[in-house]
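Shown next, in structure tokens, is the structure this report addresses.
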Amino acid sequence: MATGERGEGGQAAAPPKIAVIDLYKSFAGREVLRGVNLEVEAGESLVIVGGSGAGKSVLIKHLIGLITPERGHVIIDGEDLTNCEPARCLAIRRKFGMSFQEGALFDSMTVFENIAFPLRRHAHMDEAAIVARVQECLALVHLDGTGGKATSELSGGMRRRVGFARAISLQPEILLFDEPNTGLDPITSAVIDTVILEMRERLDVTMVTITHDMKSAFRIADRIAMLRNGQITAIARPDVFRSLADPYIQKFLTGEPLEEEVA
Amino acid sequence: MSAEQTQVSGVVGVLESVGRKSLGLFEEIGRFFFILHATVYWTFRRPFDGKEWMRQMVRVGVDSLPVVGLTSMFTGMVLALQTYRGFERFHAEGFVASVVSLSLTRELAPVLASLMIAGRVGSSLAAELGTMRVTEQIDALYAMATEPIQYLVVPRVGATTVMLPPLVAIANGLGIFGGYAISVALMGANPVTYWEKTFQYLDLNDVSSGLIKAAVFGLILSVTGCSKGFFTTGGAEGVGRATTSAVVMGSVVILVSDFFLTKILF
Ligand SMILES: Nc1ncnc2c1ncn2[C@@H]1O[C@H](COP(=O)(O)OP(=O)(O)OP(=O)(O)O)[C@@H](O)[C@H]1O
Ligand SMILES: [Mg+2]
């Protein structure tokens, strides 16, 4: 298992795959991110946790350049995504796959066409190979046989899984998952975790996952980061994270209400 | 609190709202030119999506043909009726044909067809892109390294701009035919002289200036619709607002630019 080496050992040597430097973003005067600093190693699986509305989705959208920050930089493989030519930005984004919190499926297309979309755009595969790959991805998320369905026929959990399948279909270098297993039953949720774990075995995939489910966080993470008050307040390996003294994190782990917020 | 003070705060309030309105207008204009610029930039970059262009051209051109044709034909008919009633008074009935053909090709067919398309196509562009925006489908395109301007906006704006001149050419024909039918059938005009008068004063320049106008209007209304949709915020309600203002703004800008285009192209 490569998990151990990824933690502290390799940090100094290789440059980070993703580097977030002093990121600030506010919406309508409300500061959501206030100086986020974060580095993700190549081949690492990072899980970001935090309260609802803490800005996790906003942060992950910055990583792929969907939102422009007020201040700060997002560096992918040494290239600044916050400051690049449109065509260059597109080329950098080709390294990514992302699944959205609400699925974000193309509703003018079927499930099959949704998953085939990145393959058709970027993979130079023939039709038979595309069909095979789409079927493989559908099977991975336990949705065999739904390829012909319209996206409007799917349940919320099915939409999220199709979004997940679409994100991994091209086997990109960097995968971003925004709450991939929220709203799924425990068994299907474990299926998603297993797929993520299998991908982690491939050393060249870097993953950033947002989740509320601490059990799944401990299962899939090399490191866990806490986003709170617009900053990363803690980042550590799962075993270390579990024993951090921060009262907020302890409440978060046990699922107890915070006194100051209850009062 | 004196009366003077309330008056001052009232004036400030008015100034403030005027300021906000004009800022909003500048923002609107900025977005329009942003989309226009990005569309031109991405039109000449690969890949070229021929299938999508075709689909949009059918949607704009073929599907709009009935409504545009009907509008134009009845306009030609009314025009013949009205000018006949007027020209009769100074015994100039012979010029009805020329008036019908000139006003249709130069002005009415391009403007009316574009207004109809603004209602039909501009609104649906705004609704379509607006829905994709609020359901994060546009973000998903970016995330899959697909430029949404190139994938969505370029074929839609391109198809509308390309399809409006042929639509207007057909509208010209149907309008002139409508005027002819009314004059000959109801007013007892001589079919042969009516036909001659139709083309006697009609230059190629009259027709081509109308077609150029049509292309410009097509560009304006589709860019307006796309920019309204592309910058939609605020869920389903926002999509509704974008759709309405795409039609209103598109129509107003068509009418305003019509004046300046007529001045330039005369
Ligand atoms: N496009 C936007 N416009 C305005 N405000 C926004 C926008 N996107 C996010 N916000 C605000 O930013 C804050 C953080 O939102 P975000 O979606 O990142 O939360 P989150 O941590 O992902 O929460 P959850 O766990 O519920 O998904 C929220 O208060 C939200 O209202
Ligand atoms: Mg979120």
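Every chain is numbered from 1, with letters handed out A, B, ... down the list of sequences.
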> Who pairs with T131(B) by side-chain hydrogen bond (donor to acceptor under 3.5 Å, both in side chains), at least two apart in sequence or on another chain?
Replying inline: none
Within 6.0 angstrom of [X] [atom1], more than 12 heavy atoms from elsewhere:
X	atom1	answer
H73(A)	NE2	no
F33(B)	CZ	no
F74(B)	CZ	no
F260(B)	CZ	no

At a heavy-atom separation under 4.5 Å, does [X] approach chain B through its side chain, its backbone, both, or neither?
X	value
I64(A)	side chain
L176(A)	neither
K95(A)	neither

> Which members of residues 135-152 of chain B, sorted by number, sit under 4.5 angstrom from chain A on a heavy-atom basis?
Replying inline: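 At a heavy-atom separation under 4.5 Å, chain A is reached by T135(B), E136(B), Q137(B), D139(B), A140(B), L141(B), Y142(B), A143(B), M144(B), A145(B), T146(B), E147(B), Y151(B).
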> Is any residue of residues 118-129 of chain A within less than 4.5 Å of chain B by heavy atoms, and which ones?
Replying inline: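 Interface residues of residues 118-129 of chain A: P118(A), R121(A), H122(A).
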Pairs of donor and acceptor atoms involving the side chains of residues 229-239 of chain B, under 3.5 Å and at least two apart or interchain, shall be tabulated with distances.
| residue | atom | partner | partner atom | Å |
| --- | --- | --- | --- | --- |
| T232(B) | OG1 | K228(B) | O | 2.9 |
| T232(B) | OG1 | G229(B) | O | 2.8 |

